[in-house]
Structures are given as C-alpha cells and as structure tokens.
Colleague: 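Next up is a structure, given as structure tokens.
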Amino acid sequence: MTTAPARVRVAPSPTGDPHVGTAYMALFNKALADTTGGQFILRIEDTDRSRYVADSEAQIFDALAWLSLTPDEGPHKGGSCGPYRQSERLPLYKEAANRLISEGKAYKCYCTSDRLETLRKIQQAEKAKLLGYDGLCRGLSAEEVAKNDAEAKPCVVRFKMPREGEIDVRDLFRGRLTFIAAEQQDTVLLKSDGFPTYHLAMAVDDHAMGITHVIRAEEWIPSTPLHFELYRAFGWDAPVFAHMPLLRNKDKSKISKRKNPTSLLWYRDAGFLPEALRNFLGLMGFSLPNDQEIFSYEEFLKHFDLAKVNIGGPIFDLQKLHWLNGEYIRRLPAAELEKRLVEYAKRMMHRQREFADLPEDQLPTETFLRDFEVKRRVRSRVLGGLAPELMTSYEVNPQLLAPIISLIQERMHTLGEAADYLPMFFTRDFKYTPEDFIQKKGTLEDARNALAAAREMLATSDFEHPEWLQSMDEQAREKAEAMGLKLGPFLGPVRIAVTGSKVSPPLMESIRVLGKNEALRRIDAASAAI
RNA sequence: GGCCCCUUCAUCUAAUGGUUAGGAUACUGCCCUUUCAAGGCAGCGAUACGGGUUCGAAUCCCGUAGGGGUCACCA
C-alpha cells in the first residue's frame with residue numbers, strides 16, 4: 001500500500017505503568033516503518049507536570065524492549081530529530097504559539113479556571129448542546145491584551161478555530177470525516193505554565209520529526225479537526241492519520257486498569273512471553289491469511305497491510321492470550337524454556353520486594369483474576385516465595401531444572417504457573433491429612449498397603465536402569481491388580497506422599513527426578529503420618 | 001445530551017455481489033491416559049433489525065436499534 005519509507009512514532013505519557021495500549025500502537029506503527037523501510041520513533045509526551053511519574057519513562061522503554069518493539073529513535077537511542085522528550089522542546093512550542101498569535105490564528109486567554117468551571121456548570125445545568133469554552137477572550141482588543149499582560153495576568157494560548165463551514169479530515173480507514181466548524185471550540189494550545197497541550201506539541205513535533213503517518217487510537221478522532229486546522233494554520237502538510245480501534249474490556253468499554261490488566265509489567269510478572277503477547281496484540285484488529293494465528297514478527301510483517309486493519313474495537317481476551325502463551329511455551333526448546341524460567345525467577349526475586357509482604361493469594365496477578373472473574377483455569381501466578389529457594393538450589397545444582405522442565409513444559413501456560421508444579425521438588429514436608437490418602441471407594445488401609453507396596457517396588461529397583469520407567473509401570477500394575485485396584489487408585493496415595501498433592505506431573509518421572517532416597521523418605525514419612 | 005466512530009458465533013476473526021457463512025479461543029462430549037495437562041475426534045454457536053438496489057446481499061444504499069469514543073490549562 002504505502003511504499004515510501006514511513007516515519008512513525010508512538011508517543012506515550014510517562015504517567016504510570018507502561019500501558020498495553022502503548023504496546024499495541026507501537027506494534028502497528030513499527031510494522032509500518034519496518035515494511036516500508038522507514039523509522040519508528042519513541043517520543044515522550046511529558047507535558048503534564050501534575051501527572052508525571054519519574055520511573056515511568058524508563059519502564060516504557062524497558063517494556064518496549066522486552067517486546068522487541070524497540071524504537072529506531074528516541075530519548076534513549078538518540079536520533080537526528082531530538083530531543084525526544086517534549087519537556088526539552090519547550091522553546092519550540094512557545095515559538096510556534098507566538099507565531100500563531102502574531103498571525104492572528106491564536107489568542108491569549110485570561111479566563112481563570114474558576115470562570116471556566118462556573119461556565120461548565122452553567123452549561124451542564126442548562127443542558128446546553130455545546131459544552132466548552134465560550135470564546136470570551138477571542139475578541140479582546142490589543143489594548144486589553146496589553147493591559148492584562150502589564151498586570152502579569154496568567155494566561156493560556158487558545159487556537160482560533162474557524163467558525164463557519166465544515167472541516168473535513170481524512171482517516172486512512174474511514175475516509176473523509178466531516179465536522180461542523182461552529183461546533184468546535186477554541187482549544188488551549190499553551191498552558192499558563194508555559195507547557196504545551198498535546199495538540200500543539202503533537203503538531204509541532206510530528207512536523208519537525210518528519211512524521212508521515214500518525215497511527216493512534218480511535219479516541220483521538222474528535223480532536224482530529226483541530227489537528228488538521230493546526231497544520232493548515234502553520235502551513236504544513238498533514239500526515240496520514242489512521243485511527244486504530246480501541247482495545248476493550250469485557251464490557252466493551254475502553255480498556256482500563258480497573259477492569260483488565262493494562263500494565264505491561266503485569267503481563268511480564270504473570271509470566272507471559274513477550275513474543276506471545278506481541279503475537280496476541282497483532283491479532284487485535286488484524287489477521288493473517290489461511291487462518292494463521294501463531295506467527296513471528298517477521299511473518300506478521302510479511303502480511304502486514306494497514307488497509308486490512310479491522311476497525312471494530314476488539315475485546316482483550318485474557319483467556320485466549322493464556323492459550324496462546326501456552327502454545328509458545330510448548331514450542332520453546334527445553335533449554336530455552338529453562339533459561340526463561342531462570343530469568344523469570346530472578347526477576348521475581350526483585351519484584352517480590354515491590355509486592356511487599358502480601359500473602360501469595362493476594363499477589364497482584366492472583367488478586368486481579370479473582371476480582372474480575374476470569375475463568376478459574378486462568379491461574380496466572382508469580383513464583384513468589386519460591387523464587388529465592390529455586391535460585392539457591394539452581395546455583396548449587398545447575399542440572400536441577402532440565403529434567404523437571406520436560407515434565408512441566410506441556411502443563412504450563414505462563415511461566416508463573418511453574419509455581420503450581422515446582423514446590424514438590426523443593427519442599428521436604430507436606431501438609432496433608434490421612435483423609436487425603438483415601439481414594440474414592442477406598443479405605444485408609446488400602447492407602448497404607450499401596451504405600452508399602454510402592455515402597456518395596458521402588459526400594460528394590462535400579463533407578464539408573466534404562467528401562468526403569470517401563471519396569472515400574474509393569475510392577476505397579478501387577479501390585480495394583482493383586483490388591484484388586486486399578487492403577488489410578490493404587491498410585492493415588494503414592495502421589496500424595498511423594499508430591500504432596502493430588503495433582504502433579506507424571507508420578508514415576510517425578511520420582512526419578514527426586515531420586516530413590518528422597519522418594520523413599522517421603523513414602524516413609526507419609527506411612528508414619530497416617 | 002451534542003458531535004463522531006463502530007456492528008459476522010460468548011470472544012478474536014475469515015469470507016473484497018454467488019460458500020452448507022470458514023478457522024481459533026472458551027464451553028460440552030468422546031478417545032488417549034497414572035492425577036493434572038497436552039494431544040486427537042466430534043458437538044454447540046453468528047451475519048443486530050427493517051427497508052431498498054440486484055437474477056443473487058454478511059458484502060452496496062437508506063433508516064432504526066445497540067455499543068463505544070469525545071466534549072479539561074490530561075494525554
């Protein structure tokens with residue numbers, strides 16, 4: 001579609017955790033840059049001092065890097081169009097605003113926020129159709145302006161929107177959109193603290209940075225006429241605007257942190273793989289030929305075409321992401337999964353401090369899912385207290401994880417879910433009651449017998465024998481049959497004794513990982529306890 | 001409320017005027033099985049509604065309904 005190199009950008013505000021919507025926009029912007037041989041720019045829109053969060057910028061950058069959506073230019077990377085932080089470009093905005101004032105295209109407004117608030121209340125009370133600034137200062141004479149300035153009255157700069165006719169804007173997906181000029185208002189361009197608003201900063205920077213395509217969220221459509229008029233006032237060519245659909249909560253409202261995890265840190269902490277999340281975001285409003293749902297970024301690029309974006313707002317379905325992440329985990333080479341798990345555990349050790357001393361069931365991931373009733377099967381966890389234990393053991397014995405990985409790989413959907421399977425390999429004492437050992441239609445006596453039989457079978461076996469697994473299987477069947485049991489009920493008590501749970505990776509493989517001594521010790525402990 | 005955008009299974013989507021409207025997630029059942037998974041097979045399930053245009057409409061047009069966004073010295 002577009003063959004000329006596109007210069008595109010993502011322009012987040014450093015006001016909190018890095019947002020999943022930022023990653024979504026970054027993906028589509030970067031894809032356009034990469035398919036056209038252009039550049040993808042990160043610009044930090046830190047023009048709101050009251051909402052500024054110091055860590056935020058670094059986290060945004062880290063999160064994008066985590067997702068391999070690293071910008072070609074940006075505050076951390078440099079580039080020919082810097083600085084890339086708006087707070088460092090203030091003179092540019094001031095100059096632009098002054099230019100508009102001197103050309104009669106903008107004006108100083110001395111209205112106090114009190115007046116504005118009162119105005120708003122009146123408009124609401126009157127159920128006025130048009131809400132917003134009434135243009136009082138638009139008609140101020142030069143003398144009045146001079147007088148106000150002489151008195152050093154604080155002021156903002158407002159744009160003179162045309163008052164007659166229609167304003168046509170173009171959207172790549174929607175074509176021509178027409179707005180009535182009279183329904184527009186004179187928006188603030190420069191705040192009284194000398195910082196620009198989004199509108200001014202965006203126009204000035206996109207022009208200065210040579211942005212060719214503005215791919216942004218749909219929520220910006222209502223201010224697009226302003227943006228077109230601004231470009232016109234400056235005498236600049238407007239870039240192509242493409243308004244992407246908004247990611248949605250389950251109730252179809254714009255995705256929000258009260259109703260959905262929106263922080264990229266959350267996804268990382270829950271153990272989602274960046275390539276899976278990126279793939280999932282690529283599925284939002286876009287699809288590849290032949291029903292292909294799992295794809296690398298390179299494959300995504302091969303088929304990427306802005307014209308094929310679906311503009312109905314997609315609901316962010318955590319359940320499907322969970323499935324997709326499981327697919328990615330299963331496709332990882334075992335050694336790679338091990339590496340990811342170790343990295344994840346290390347990270348969790350640090351994050352744990354930030355999670356304070358919350359009990360495990362109240363860690364952010366768990367709490368969130370419970371509160372918002374995501375299906376119980378989506379149990380994104382964090383390793384929590386297990387991480388230090390895991391890392392200590394791993395440092396002593398780097399061979400530790402490999403055999404375990406092969407047992408849990410096809411069971412995990414997130415790295416965090418390793419927490420469901422790993423404790424049995426590190427914990428020496430389980431909390432169980434005799435009742436836990438009683439199988440359906442069975443007795444405690446059956447359980448004791450099963451433990452004794454299994455103990456004997458294991459004690460006399462050679463764990464190193466290549467056909468150990470097969471041998472154990474055969475013997476277990478024989479012993480079960482001798483006791484008049486099926487294999488399941490026979491192994492049930494053994495599973496509890498050895499793993500501490502009714503649910504575990506395959507029993508014999510798990511026992512082999514534990515080793516003969518530890519397995520026998522656990523069986524003895526259980527026998528003594530019941 | 002004004003303005004604007006959107007509308008195919010519960011969810012993500014395919015079908016660029018001719019298909020029994022396809023796939024995936026979720027759900028259900030069966031198979032496999034040593035619990036849990038994973039895997040295999042099958043089932044459930046949609047063109048919001050009403051009018052046109054057309055031999056023929058999910059697809060084009062109009063209307064209605066529904067949903068969403070926006071109306072800050074936030075972005």
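Just so it is clear, the model here is predicted, and its values are computed rather than measured. Residue numbers begin at 1 in each chain, while the letters A, B, ... track the order of the sequences.
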Colleague: For A:N325 and A:T414, test the side chains for any donor-to-acceptor distance below 3.5 angstrom and give the result as yes or no.
Modeller: no
Colleague: Whom does B:C73 pair with, Watson-Crick or G-U wobble, provided both distances fall under 3.5 Å?
Modeller: none
Colleague: For A:K479, is there an ion pair with A:E456 - N to carboxylate O distance below 4.0 angstrom?
Modeller: yes
Colleague: Between B:A48 and B:A10, how far apart are the two C1' atoms, rounded to whole Å?
Modeller: 15 Å
Colleague: Find the partner of B:C30: check Watson-Crick (N1-N3 plus N6-O4 or O6-N4) and G-U wobble (N1-O2, O6-N3) distances, both under 3.5 Å, and reply none if neither fits.
Modeller: B:G40
Colleague: Which whole-number value in Å describes the distance from A:Q439 CD to B:U35 C1'?
Modeller: 9 Å
Colleague: In whole angstroms, how far is the P atom of B:A24 from the CG atom of A:L318?
Modeller: 21 Å
Colleague: Please state how far atom CZ in A:R248 lies from atom P in B:G68, giving the value in whole angstrom units.
Modeller: 8 Å
Colleague: Starting at CG of A:L507 and ending at P of B:C36, how long is that distance when rounded to a whole Å?
Modeller: 14 Å
Colleague: Separation of A:L324 atom CG from B:U11 atom P, in whole Å?
Modeller: 19 Å
Colleague: Examine B:A14: is either OP1 or OP2 under 4.0 Å from a nitrogen or oxygen in the side chain of A:N310? Give yes or no.
Modeller: yes
Colleague: Tell me the interatomic distance from A:D436, atom CG, to B:U35, atom P, rounded to whole angstroms.
Modeller: 18 Å
Colleague: Under a 3.5 Å cut-off for both contacts, is B:U8 paired Watson-Crick or G-U wobble with anything, and if yes, with which nucleotide?
Modeller: none
Colleague: Between A:E275 and A:R340 (salt bridge meaning N to carboxylate O under 4.0 Å), is one present in this structure?
Modeller: yes
Colleague: Whole angstrom is fine here: how far is it from CG in A:D420 over to C1' in B:U35?
Modeller: 14 Å
Colleague: If you find the nucleotide of RNA chain B closest to A:N290 and the one closest to A:R411, which residue's nucleotide is nearer the 5' end?
Modeller: A:N290
Colleague: Centre of A:Y133's six-membered ring, under 6.0 Å away, within 45 degrees of the axis: is that where NZ or CZ of A:R158 sits?
Modeller: yes
Colleague: Output the distance between atom CD (A:Q184) and atom CG (A:L130), rounded to the nearest 0.5 Å.
Modeller: 9.0 Å
Colleague: Could you please name the partner base of B:A57, counting Watson-Crick and G-U wobble pairs only when both distances are under 3.5 Å?
Modeller: none
Colleague: Quick one: label A:E327 by what it contacts on the DNA or RNA (base, sugar-phosphate, nothing), any heavy atom closer than 4.0 Å.
Modeller: sugar-phosphate
Colleague: Answer with base, sugar-phosphate or nothing: what part of the nucleic acid does A:P506 contact at a heavy-atom distance below 4.0 Å?
Modeller: base
Colleague: Check this for me: does any side-chain nitrogen of one of A:D205 and A:R85 sit under 4.0 Å from a carboxylate oxygen of the other?
Modeller: no
Colleague: If the P atom of B:U20 is compared with that of B:C36, how far apart are they to the nearest Å?
Modeller: 42 Å
Colleague: So which nucleotide from B:U34, B:C4, B:A14 ends up closest to the side chain of A:L491?
Modeller: B:U34
Colleague: Counting any heavy atom closer than 4.0 Å, what does A:I311 reach on the DNA or RNA strands: base, sugar-phosphate only, or nothing?
Modeller: sugar-phosphate
Colleague: Name the nucleic acid region contacted by A:L283, choosing base, sugar-phosphate or nothing; use a 4.0 angstrom heavy-atom cut-off, strictly under.
Modeller: sugar-phosphate
Colleague: State the pairing partner of B:G63; accept Watson-Crick or G-U wobble contacts with both distances under 3.5 Å, and report none otherwise.
Modeller: B:C49
Colleague: Measuring only the P atom in each nucleotide, how far is B:G23 from B:C9? A whole number of Å is fine.
Modeller: 16 Å
Colleague: Mind checking the C1' distance from B:C4 to B:A14? Whole angstroms is fine.
Modeller: 29 Å
Colleague: Any base atoms under 4.0 Å from A:E293, or only sugar-phosphate, or nothing? Heavy atoms, all strands.
Modeller: base
Colleague: Would you mind pulling out the nucleotide paired to B:U19, Watson-Crick or G-U wobble, both distances under 3.5 Å?
Modeller: none
Colleague: Starting at CZ of A:F228, measure out to CG of A:L177 and round the result to the nearest 0.5 Å.
Modeller: 9.0 Å
Colleague: Within this structure, what is the OH-to-C1' distance between A:Y328 and B:A24, rounded to whole angstrom?
Modeller: 14 Å
Colleague: So is A:R248 actually on top of A:F316's ring, under 6.0 Å and inside 45° of the axis?
Modeller: no
Colleague: For the C1' atoms, the ones on B:A15 and on B:A21, what distance do you get once it is rounded to whole angstrom?
Modeller: 7 Å
Colleague: Could you encode protein contacts along nucleotides 69-75 of chain B as a string, one character per nucleotide from 5' to 3', using B for base contact, S for sugar-phosphate-only contact and - for no contact, with a heavy-atom cut-off of under 4.0 Å?
Modeller: SSBSBBB
Colleague: Taking the side chain of A:Q319 as heavy atoms from C-beta outward, which of B:G39, B:A26, B:C12 is closest to it?
Modeller: B:A26
Colleague: Let me know which of A:P75, A:P71, A:P12, A:S56 forms a side chain to side chain contact (heavy atoms under 4.5 Å, CB included) with A:F61.
Modeller: A:P71
Colleague: Name the nucleic acid region contacted by A:M284, choosing base, sugar-phosphate or nothing; use a 4.0 angstrom heavy-atom cut-off, strictly under.
Modeller: sugar-phosphate
Colleague: Expressed in whole Å, how much space separates the C1' atoms belonging to B:G45 and B:A26?
Modeller: 11 Å
Colleague: Determine the contact category for A:G492: base if any of its heavy atoms lies under 4.0 Å from a base atom, sugar-phosphate if only primed atoms, P, OP1 or OP2 are that close, otherwise nothing.
Modeller: nothing
Colleague: How long is the gap from CG on A:L422 to OG1 on A:T427, to the nearest 0.5 Å?
Modeller: 9.5 Å
Colleague: Please measure how far the P atom in B:G56 lies from the corresponding atom in B:G52, and state the result in whole Å.
Modeller: 12 Å
Colleague: Should A:R477 be listed as having a side-chain N or O under 4.0 Å from OP1 or OP2 of B:U34?
Modeller: yes
Colleague: Could one point to a donor on the side chain of A:R174 or the base of B:C5 with an acceptor on the other under 3.5 Å away?
Modeller: no
Colleague: Is there a donor N/O on one and an acceptor N/O on the other, under 3.5 Å, for the side chain of A:K320 and the base of B:A26?
Modeller: no
Colleague: Using the P atoms only, state how far B:C5 lies from B:U64, rounded to an integer number of Å.
Modeller: 14 Å
